[in-house]
Amino acid sequence: MEPHRLALGEARRIAITAQRLTADRPFDVVGLVHDLTVLQVDPIAAIAPSADLVAWSRLGEAYRPEHLTSALEIDRTLVELTAMIRPMSDLPLYRGMFTPWASTDTVQRWFTANEGFARDVAALLERSGPLPSKEIPDTSTVSWASSGWTTERHVTQMLELLAMRGDVAIAGRRGRERVWDVPERVYPAGLEALDPEDARRRRDERRLGALGIARSKSARTPNEPNDVGDTGEPAVVDGVKGTWQVDPRVLAAVREHPFEGRTALLSPFDRLIHDRKRTLELFGFDYALEMYKPAAKRQWGYYALPILHGDRLVGKLDAAADRAAGMLVVHAIHEDEPFGPALRRAVDDEVEALGRWLGLGVDTGMPRAPRRR
């Protein structure tokens, strides 16, 4: 079909609408995760865990982290798999789908060499689960070869692989530590079995619905891809090279209803800005998560939050939660474009809302950063 022609602003509004970041807020965390398809799990909590920040940025101050915990561990309407929280209804799309890491010949050979270890883990969980990984003995016969932080972490690696196969499941968490069990005690009975190609197609369709607009192909990512294959309808964006895929339902919604944006503070792992190349192409927004950089080399801060205003990404909030002092400390607000009085008030209001949600006061004593040139 002839590609849709999109103005750049229209493409941005499609992305924002799909990500539930308009003034029309969603109502509950389960429905939100269904719309977004994933919340990324990340242990860094300089302000709050990423999954909670993403939920708060959509649902507002009514959201509480215990809502997410309840959906995962009591209601079982959500499930954690490969460092992503997903709707339980999407589980058939992902069981047996190996991440790029797990698909390598090296990993598969290690698993095959340790099949006895795999059986030991499954039998122990059947008998004694749910258990954290530290309570599961390492009976591996072949060591895991790694030059990084996974060296000798045989139990964790085996649990990750068994979870992708559908042979174990994450039953919940004790603090930040995952608790594992057999899938029969976590997943609902009678899950649909899907042909791999059908599952891939449906994953692409779900992902495009959550992104609104995306490339058919993009750079490989560790867990959740940023591309959508040939699903959706082709589109070209004024001033941006190449062809995109657009979700026709989101496109229709944007064209049929007036866009009403708002101001939002985004997690560094937010799917609106997760694909940095797409973010630069559609929003002209340069961003990198800098917590792994030496402090002297950071431009925006250890865990800077991108700032959305209407259909533009306008800056970054460099802040940290000092829970001992009971304060959300604002180190700087970096303005990618000059903040007029209305925009400044909107950002300040959102920072105050973040502090209230965290149960912290807001310390804005640090000078505002000048506009980055």
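Remember, it's a predicted structure, so these values are computed and weren't measured experimentally.
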Check: Any donor and acceptor pair, going by atom type alone, linking the side chain of Arg176 with main-chain N or O of Pro43 inside 3.5 Å?
Finding: yes

Notebook entry, point to check: Is the count of non-hydrogen atoms from other residues, nucleotides or ligands lying under 6.0 Å from Glu260 atom CD greater than 12?
Noted result: no

Next item on the list: Examine distances only and state if a side-chain atom of Thr141 and a backbone atom of Ala113 form a donor-acceptor pair shorter than 3.5 Å.
Entry: yes

Notebook entry, point to check: Does Asp90 reach the main-chain N or O of Leu93 with its side chain, forming a donor-acceptor pair under 3.5 Å?
Noted result: no

Item checked: Smallest separation among heavy atoms of Ala264 and Ser57, with atom names -> CB-O, 4.5 Å

Margin query: Can a donor-acceptor pair be found, under 3.5 Å and without considering hydrogens, that links the side chain of Arg356 to the backbone of Gly361?
Written below: no

Next item on the list: Would you kindly check if the NZ (Lys) or CZ (Arg) of Arg215 is within the cone defined by 45 degrees around the ring axis of Trp244 and under 6.0 Å from the six-membered ring centre?
Entry: yes

Checklist line | Lys217 and Asp227 ion-paired at < 4.0 Å | finding: no

Note to self: Heavy-atom count check: over 12 atoms from other residues, nucleotides or ligands less than 6.0 Å from Arg174 CZ?
What the structure shows: yes

Item checked: Check: His334 side chain, Trp300 main-chain N or O, donor-acceptor pair, under 3.5 Å -> yes

Next item on the list: Treat each ILVMFWY residue as a node, draw an edge where side-chain heavy atoms are under 4.5 Å apart, and state whether Leu91 and Val179 are in one component.
Entry: no

Check: To the nearest 0.5 Å, what is the distance between CE (Met88) and CG (Leu81)?
Finding: 10.0 Å

Next item on the list: State whether Asp204 and Arg201 are salt-bridged, where the test is any N-O pair (Lys NZ or Arg NE/NH1/NH2 against Asp/Glu carboxylate O) under 4.0 Å.
Entry: no

Check: Out of curiosity, does Leu72 fall in the hydrophobic cluster containing Val38 (side-chain heavy atoms, cut-off under 4.5 Å, transitive links)?
Finding: no

Margin query: Any donor-acceptor pair under 3.5 Å linking the side-chain atoms of Asp120 with those of Thr139?
Written below: yes

Check: Do Leu194 and Val228 sit in the same hydrophobic cluster, where Ile, Leu, Val, Met, Phe, Trp and Tyr count as joined when their side-chain heavy atoms come under 4.5 Å apart?
Finding: no

Note to self: Check Glu335 with Lys316, please: is the shortest side-chain N to carboxylate O separation under 4.0 Å?
What the structure shows: no

Next item on the list: Look at Asp198 together with Arg202 and state whether they make a salt bridge at an N to O cut-off of under 4.0 Å.
Entry: yes

Notebook entry, point to check: Do the rings of Phe117 and Trp110 sit parallel, tilted or perpendicular, given the 30° and 60° boundaries?
Noted result: perpendicular

Next item on the list: Give a yes or no answer on whether the side chain of Arg276 reaches the backbone of Ile273 with a donor-acceptor pair at less than 3.5 Å.
Entry: yes

Note to self: For the backbone of Phe269 and the side chain of Ser267, can you confirm whether one donor and one acceptor N or O come within less than 3.5 Å of each other?
What the structure shows: yes

Notebook entry, point to check: Taking all non-hydrogen atoms of both residues, which atom of Leu208 and which atom of Ala214 are closest, and how far apart?
Noted result: CD1-N, 4.1 Å

Next item on the list: Mark yes or no for whether Arg178, through its side chain, and Ile170, through its backbone, hold a donor-acceptor pair below 3.5 Å.
Entry: no

Check: Does Arg203 come within less than 4.0 Å of Glu224, counting only side-chain N to carboxylate O?
Finding: no

Check: Does atom CG of Asp75 have more than 12 heavy-atom neighbours, drawn from other residues, nucleotides or ligands, at distances under 6.0 Å?
Finding: yes

Check: Do Leu53 and Val362 sit in the same hydrophobic cluster, where Ile, Leu, Val, Met, Phe, Trp and Tyr count as joined when their side-chain heavy atoms come under 4.5 Å apart?
Finding: yes

Note to self: Do the side chains of Glu290 and Lys293 get close enough for a salt bridge, i.e. N-O under 4.0 angstrom?
What the structure shows: yes

Next item on the list: Over 60° means perpendicular and under 30° means parallel, so classify the ring planes of Tyr63 and His67, tilted if in between.
Entry: perpendicular

Notebook entry, point to check: Does Arg185 use its side chain to pair, donor to acceptor, with the backbone of Pro130 at less than 3.5 Å?
Noted result: no

Next item on the list: Answer yes when Lys277 and Asp275 have at least one side-chain N-carboxylate O distance shorter than 4.0 Å, and no when they do not.
Entry: no

Item checked: Ion pair check, Glu73 and Arg173, cut-off under 4.0 Å -> no

Item checked: Side-chain H-bond candidate by donor/acceptor type, Arg86 with Tyr94, under 3.5 Å -> yes

Checklist line | Under 3.5 Å: donor-acceptor pair, side chain of Arg95, backbone of Gly166 | finding: yes

Note to self: For a 4.5 angstrom cut-off between non-hydrogen side-chain atoms, does Ile333 reach Asp348?
What the structure shows: yes

Next item on the list: Tell me yes or no: between the side chains of Asp318 and Tyr302, is some donor less than 3.5 Å from an acceptor?
Entry: no

